[in-house]
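Working notes, structure below.
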Amino acid sequence: MSYILNIETATKNCSVSLAKDGKTIVCCETAEEGYSHAEKLHVFIEQSIKEAGISYHDLSAIAVSQGPGSYTGLRIGVSAAKGLCYALNIPLIAIDTLQSFASQVNVNDGLIVPMLDARRMEVYSAVFTSAIEYKRAIQAEIITEESFNEISEKVYFIGDCAPKCKTVLDSENFIFLEEIVYPSAKEMSILSFDKYLNKDTVDVAYFEPFYLKDFMVTTPKSK
């Protein structure tokens, strides 16, 4: 029997799930405009442990969403995960954010494209089969009228950038599942359990989030 705590902070959704043998038994999450991760994450972790009726020492591993996504959000999630791993002397598991995000889509055909808003018309995206296997690797790309036009089969788009992308991605085979907006720790459970069974872990000391792009500091415009 294994209990794995999953942490997802790559987007506005601050999400924590506790899984038993790959099945989510508790999930606490909230998506707020102000990115409340620093305030909510440890509260959700504590709440998940309490609701499951276990102690921290019952945990077999900690899994964290590795990105791409929000620089600050990823730092908060990874820092919390590392701290728990150090304190409990348990392994750290890294989960691809877009792969777990794509797992929210349950279809039998076509391709799945999870997209996270980057800036303007830029997104972080990947292409997956209906079996959630990579068809195209993760990349940062600018969405234009030509994007994904080489695909003739159905394409299911998910993510927080759907409203802006729909204005240019209007092919008949493009389907926007607008109810699926953010990644959640719930879908990390089976992925982290599989990695745990295969001893697919990362070095707690040296692991860094997958930012995909360098962090950019901007200065406010003068009035």
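Predicted, not measured: the structure shown is a model, and the values here were computed from it.
Looking at heavy atoms from C-beta onward, Tyr156 lies out of side-chain contact with Ile180 at the 4.5 angstrom threshold. With a 4.5 Å cut-off on side-chain heavy atoms, Ser147 and Val168 do not count as touching. Side-chain contact between Ile49 and Ser55 is absent, with no heavy atoms from C-beta onward closer than 4.5 Å. Two residues are said to be in side-chain contact when any heavy atoms from C-beta on lie closer than 4.5 Å; Lys40 and Glu32 meet this criterion. Between Ser48 and Ile45, every side-chain heavy-atom pair lies at or beyond the 4.5 Å cut-off. Side-chain contact between Tyr211 and Arg75: present, with at least one pair of heavy atoms (C-beta onward) separated by less than 4.5 Å. Within the 4.5 Å cutoff, side-chain heavy atoms of Phe176 are placed close to those of Leu169. A 4.5 Å side-chain heavy-atom check between Lys154 and Asp109 finds at least one atom pair inside the cut-off.
Heavy-atom neighbours of Glu150 CD from other residues, nucleotides or ligands within 6.0 Å: above the threshold of 12. Other residues, nucleotides and ligands contribute more than 12 heavy atoms inside 6.0 Å of the CG atom of Asn198.
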#### Entry: Asn6 vs Leu18, side-chain contact (heavy atoms from CB on, under 4.5 Å): CA-CA, chis, key distance, verdict
CA-CA 6 Å; Asn6 302 288; Leu18 187 63; over 6 Å; no

### Task
Take Met1 and Tyr3 through the test side-chain contact (heavy atoms from CB on, under 4.5 Å) and record every step on the way to the result.
CA-CA 7 Å; Met1 180 186 301; Tyr3 290 100; 3.7 Å; yes

### Task
Walk me through it: do Val64 and Phe207 pass the test side-chain contact (heavy atoms from CB on, under 4.5 Å)?
CA-CA 11 Å; Val64 66; Phe207 173 73; 4.1 Å; yes

### Task
Please test Ile175 against Val155 for side-chain contact (heavy atoms from CB on, under 4.5 Å), starting from the C-alpha separation and ending with a verdict.
CA-CA 6 Å; Ile175 302 168; Val155 184; over 6 Å; no

### Task
List the steps, then state whether salt bridge (charged side-chain N to carboxylate O under 4.0 Å, His left out) holds for Lys135 with Glu153.
CA-CA 13 Å; Lys135 183 81 171 180; Glu153 54 193 308; 5.3 Å; no

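Between Gln99 atom CD and Tyr134 atom OH the span is 5.0 Å, to the nearest 0.5 Å. Distance check, rounded to the nearest 0.5 Å: CD1 of Ile4 to CG of Leu191 gives 10.5 Å. Here OG1 of Thr11 is found 6.5 Å from OH of Tyr182. Values are rounded to the nearest 0.5 Å. To the nearest 0.5 Å, the span separating CG on Asn89 from NE2 on His57 amounts to 11.0 Å. Here NZ of Lys195 is found 10.0 Å from CG of Leu92. Values are rounded to the nearest 0.5 Å. Separation of atoms NZ (Lys20) and OG (Ser189) is listed at 13.5 Å; rounding is to 0.5 Å.
A side chain to side chain contact (heavy atoms under 4.5 Å, CB included) with Ile138 holds for exactly one of Pro68, Ser125, Pro114; it is Pro68. His37 pairs in a side chain to side chain contact (heavy atoms under 4.5 Å, CB included) with only one of the listed residues (Asn13, Thr9, Ile7), which is Thr9.
For the side chain to side chain donor-acceptor pair (under 3.5 Å) test, no residue two or more places apart in sequence or in another chain qualifies with Asp200. Among residues two or more places apart in sequence or in another chain, the salt bridge (Lys or Arg N to Asp or Glu O under 4.0 Å) test is passed with Asp96 by none. For Asn173, there are no side chain to side chain donor-acceptor pair (under 3.5 Å) partners at least two apart in sequence or on another chain.
Smallest separation of non-hydrogen atoms from Gly69 and Leu116: CA-CD1, 4.4 Å. Closest approach of Ile132 and Ser103 over heavy atoms only: CG2-OG, 3.7 Å. Closest approach of Leu5 and Leu84 over heavy atoms only: CD2-CD1, 3.8 Å. Heavy-atom minimum distance, Ala185 versus Ser17: O-OG, 2.8 Å. Contact detail for Cys28 and Val26: the closest heavy-atom pair is SG-CG1, 4.2 Å. Annotation for Ala102 and Ile158: closest pair CA-CD1, 4.1 Å, computed over non-hydrogen atoms.
Note on Ile25 and Val16: same hydrophobic cluster, where clusters join Ile, Leu, Val, Met, Phe, Trp and Tyr whose side-chain heavy atoms are under 4.5 Å apart, directly or indirectly. Hydrophobic clustering (side-chain heavy atoms under 4.5 Å, transitive across Ile, Leu, Val, Met, Phe, Trp, Tyr) groups Val113 together with Ile143. Linking ILVMFWY side-chain heavy atoms closer than 4.5 Å, directly or via other members, places Val105 and Leu98 in a single hydrophobic cluster. Residues Leu74 and Tyr206 fall into different hydrophobic clusters, defined by Ile, Leu, Val, Met, Phe, Trp and Tyr side chains chained together at heavy-atom separations under 4.5 Å. Under the 4.5 Å side-chain heavy-atom criterion for grouping Ile, Leu, Val, Met, Phe, Trp and Tyr, Met115 is connected to Met121 within one hydrophobic cluster.
Side-chain rings of Phe148 and Phe157 approach one another, their centers coming within less than 6.0 Å.
Checking Ser2 against Ser60 by side-chain atom types alone, no donor-acceptor pair falls below 3.5 Å. A side-chain donor from one of Glu46 and Tyr56 sits under 3.5 Å from a side-chain acceptor of the other. Judged by distance alone, the side chains of Glu29 and Ser184 do bring a donor and an acceptor atom under 3.5 Å apart. The closest side-chain donor-acceptor pair between Asn108 and Ser130, if any, does not fall under 3.5 angstrom.
Under a 3.5 Å cut-off, the side chain of Asp160 and the backbone N or O of Val181 do not form any donor-acceptor pair.
At a threshold of 4.0 Å, the pair Lys186-Glu8 does not count as salt-bridged, since none of the basic side-chain nitrogens sits closer than that to a carboxylate oxygen. Of the charged side-chain nitrogens involved, at least one lies within less than 4.0 Å of a carboxylate oxygen, so that Arg136 and Glu141 count as a salt-bridged pair.
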